[in-house]
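Quantities reported herein were computed from a predicted structural model and do not represent experimental measurements.
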Amino acid sequence: MSEEQTNQQWGGRFNEPTDAFVARFTASVQFDQRMYKQDIQGSVAHAKMLTKVGVLSEAECADILQGLSEIQSDIENGNFEWSIALEDVHMNIEAALTKKIGITGKKLHTGRSRNDQVATDIRLYVREEIDNVLAEITRLQQGIIGLARQEADTVMPGFTHLQTAQPVTFGHHLMAWFEMLSRDYERFVDCRKRVNILPLGAAALAGTTYPIDRHLTTELLGFTAPTENSLDSVSDRDFAIEFCAASSIMMMHMTRYSEELVMWASAQFNFINLPDRFCTGSSIMPQKKNPDVPELVRGKSGRVYGHLMSLLTLMKSQPLAYNKDNQEDKEPLFDAIDTVKGCLRAFADMVPAIEAKRDNMREAALRGFSTATDLADYVVRKGIPFRDAHEIVGKAVAYGIEQSKDLGEMTLEELQQFSDQITGDVFDVLTLDGSVSARDHIGGTAPNQVRQACDRAEKMLAQRG
């Protein structure tokens with residue numbers, strides 16, 4: 001059985017080297033090296049803190065900071081050799097630092113453990129990625145506002161149970177997407193608050209005997225506060241679970257947008273045209289234009305849901321404090337981050353380029369008796385109780401089905417056979433434009449309400465900056 005030398009950073013306890021397979025099996029550097037910037041950032045703050053409390057000299061700190069800067073440049077220039085034998089990003093960088101500056105590099109780890117180091121790195125990484133996600137949500141919302149304002153007057157059928165219900169406007173429908181994303185934005189902002197607590201200083205699990213200043217490190221790294229309990233500090237992954245939970249809800253929303261886009265782009269609906277650059281063709285059917293981006297976003301929701309379940313299962317029944325199980329938190333978390341950002345970017349690029357087929361939308365809204373509720377409201381205003389009005393209109397719809405006539409296509413005489421309260425002004429409420437315009441209140445479908453909603457939304461986005 002082949003063997004490799006035991007990691008010298010911790011090998012003093014061991015009498016034989018680690019098996020080569022075990023070294024590869026337990027290593028995380030293959031995927032956690034993406035946190036190199038955060039690891040160096042945390043080490044810089046730790047070194048400055050150790051210097052202030054007298055553990056390191058000013059000269060030693062300067063050497064460490066210079067060495068870490070050079071290592072970051074080496075990594076970013078592709079001149080850094082990652083070693084599986086050194087297990088993870090932390091040990092690789094520390095070993096490289098010691099090689100560069102000598103024994104002083106070994107002093108950097110004073111007063112900390114890989115346990116609080118990795119907990120800090122992940123929080124720094126997730127905090128940065130939350131900011132990136134928030135920026136992409138905002139960019140998508142800006143695109144939605146632009147398209148919604150453009151289509152504020154475009155009438156389309158609104159659906160319940162995927163059956164024609166009442167007329168709405170395309171702009172109003174799009175602003176429903178905006179509202180869903182606003183709630184997603186708030187969830188990520190709220191998640192960030194719990195991410196932004198510093199575990200560094202908890203060491204392995206019980207703190208350290210060195211006179212560290214955790215408040216200084218907190219300030220240097222831009223955290224809100226240090227954690228309150230060393231045991232919880234190194235074993236908490238709630239923030240990663242919460243990120244995946246917020247991501248899962250957002251991906252659920254994006255599947256709803258995707259499903260609608262797929263349907264609307266189909267020949268059966270023919271409501272929209274998706275830009276060619278976001279679609280593909282068929283290898284056998286020349287006429288096909290497949291809505292691959294929304295379909296793929298719809299499919300990618302499953303992997304994000306899976307990552308949430310993976311992290312919940314990972315943390316289930318773990319005793320305090322740190323366990324090697326927690327190494328398995330990174331791959332699902334990283335993939336969830338990558339997936340969410342990719343889906344948001346695709347939609348943010350695609351949505352502003354969607355073309356509405358306005359005539360087709362209007363024609364569809366004319367089918368299915370979409371103004372039936374407007375007729376019922378009209379009859380109520382004539383003094384008839386709503387339940388009776390509901391029955392009157394139901395009979396009119398049944399008649400329309402028999403005669404293949406929409407309500408707006410019937411003559412006054414035809415309508416009056418169901419109620420003598422119906423008069424010539426009824427046709428004002430049976431038009432599509434009259435229907436959507438009548439709902440002229442905040443949250444309503446009236447085109448001017450859609451424009452006002454866009455104005456409020458733009459103001460809200462401006463305040464985020």
Side-chain angles (χ1 to χ4, degrees), residues 9 28-29 31-83 86-132 192 195-204 207-208 210-227 230 233-234 239 330 334:
Q9 308 289 9
S28 61
V29 67
F31 48 83
D32 69 14
Q33 62 182 260
R34 70 162 63 190
M35 297 192 300
Y36 74 90
K37 285 192 297 186
Q38 289 74 26
D39 194 73
I40 291 172
Q41 184 182 358
S43 290
V44 166
H46 186 65
K48 289 179 177 179
M49 181 276 294
L50 290 178
T51 303
K52 182 178 180 183
V53 299
V55 173
L56 294 176
S57 68
E58 293 286 349
E60 289 172 329
C61 182
D63 288 344
I64 288 172
L65 299 187
Q66 178 63 32
L68 290 172
S69 177
E70 292 175 7
I71 289 169
Q72 181 163 339
S73 296
D74 290 342
I75 294 172
E76 292 173 350
N77 293 328
N79 298 323
F80 190 89
E81 185 175 346
W82 297 99
S83 169
L86 291 170
E87 293 191 29
D88 55 35
V89 61
H90 325 294
M91 290 299 194
N92 270 265
I93 289 175
E94 184 179 330
L97 180 65
T98 300
K99 185 176 180 181
K100 274 185 179 291
I101 68 173
I103 194 171
T104 300
K106 295 183 177 182
K107 295 184 178 183
L108 175 60
H109 206 55
T110 305
R112 74 176 181 184
S113 161
R114 278 192 296 177
N115 293 357
D116 63 341
Q117 187 177 359
V118 67
T120 301
D121 289 0
I122 297 174
R123 286 175 182 265
L124 286 168
Y125 185 83
V126 172
R127 184 179 72 182
E128 180 178 330
E129 292 296 353
I130 286 176
D131 291 342
N132 292 332
R192 193 186 190 280
V195 170
N196 203 33
I197 307 297
L198 176 70
L200 195 61
T208 177
Y210 293 96
I212 60 173
D213 184 346
R214 296 190 66 207
H215 291 286
L216 173 60
T217 315
T218 296
E219 180 181 345
L220 291 172
L221 291 174
F223 283 93
T224 303
T227 52
S230 60
S233 299
V234 298
F239 63 92
K330 297 171 193 64
F334 292 163

Ignoring hydrogens and geometry, is there a side-chain-to-backbone donor-acceptor pair from S69 to L65 under 3.5 Å?
no

Does some side-chain heavy atom of K330 sit less than 4.5 Å from a side-chain heavy atom of R34?
no

Measuring from atom CD of E129 to atom CD of Q38, what distance do you get when rounded to the nearest 0.5 angstrom?
8.0 Å

Is any side-chain heavy atom of S43 less than 4.5 Å from a side-chain heavy atom of R112?
yes

Between R123 and I197, is there a side-chain heavy-atom distance shorter than 4.5 Å?
yes

So which heavy atom on D88 is nearest to which on S28, and how close?
CB-OG, 3.3 Å

Would you say CD of E76 has more than 12 non-hydrogen atoms from neighbouring residues, nucleotides or ligands within 6.0 angstrom?
yes

If you take all heavy atoms of V234 and A202, which pair is closest and at what distance?
CG1-CB, 3.9 Å

Does the Lys NZ or Arg CZ of R127 fall within the cation-pi geometry relative to F223 - under 6.0 Å from the ring centre and within 45° of the axis?
yes

Looking at D213 and M49, would you say the former's side chain and the latter's main chain have a donor-acceptor pair under 3.5 Å?
no

Heavy-atom distance under 4.5 Å between the side chains of L220 and H46, does that happen here?
no

S233 and P199 have their tightest heavy-atom pair at O-CB, 3.7 Å

Taking the side chain as every heavy atom from C-beta outward, state whether N92 and F80 have any pair of such atoms under 4.5 Å apart.
yes

Backbone N or O of I103 within a donor-acceptor pair of the T98 side chain at under 3.5 Å?
no

Going by salt bridge (charged side-chain N to carboxylate O under 4.0 Å, His left out), name the pairs with one or both residues in residues 57-72, residues two or more places apart or in two chains.
E60-K107, E70-K100

Candidate list V89, L68, L97, test side chain to side chain contact (heavy atoms under 4.5 Å, CB included), partner I40, passing option:
L68

ring-ring contact (aromatic ring centres under 6.0 Å, His included) with F334: which residues, sequence neighbours excluded?
Y125

side-chain contact (heavy atoms from CB on, under 4.5 Å) assessment of V53 paired with Y210
CA-CA 9 Å; V53 299; Y210 293 96; over 6 Å; no

Least distance between heavy atoms, V55 atom then P211 atom:
CG2-CD, 4.4 Å

N/O donor-acceptor pair under 3.5 Å between D131 side chain and E128 backbone:
no

Over all atoms of both residues, closest heavy-atom pair of A95 and L86:
CB-CD1, 3.6 Å

Residues C61 and A47: closest non-hydrogen pair is SG-O, 4.0 Å

Looking at side-chain heavy atoms only, is the closest gap between I212 and T217 below 4.5 Å?
no

Taking the side chain from D116 and the backbone from L200, do they hold a donor-acceptor pair closer than 3.5 Å?
no

Does a side-chain heavy-atom distance below 4.5 Å link R114 with E87?
yes

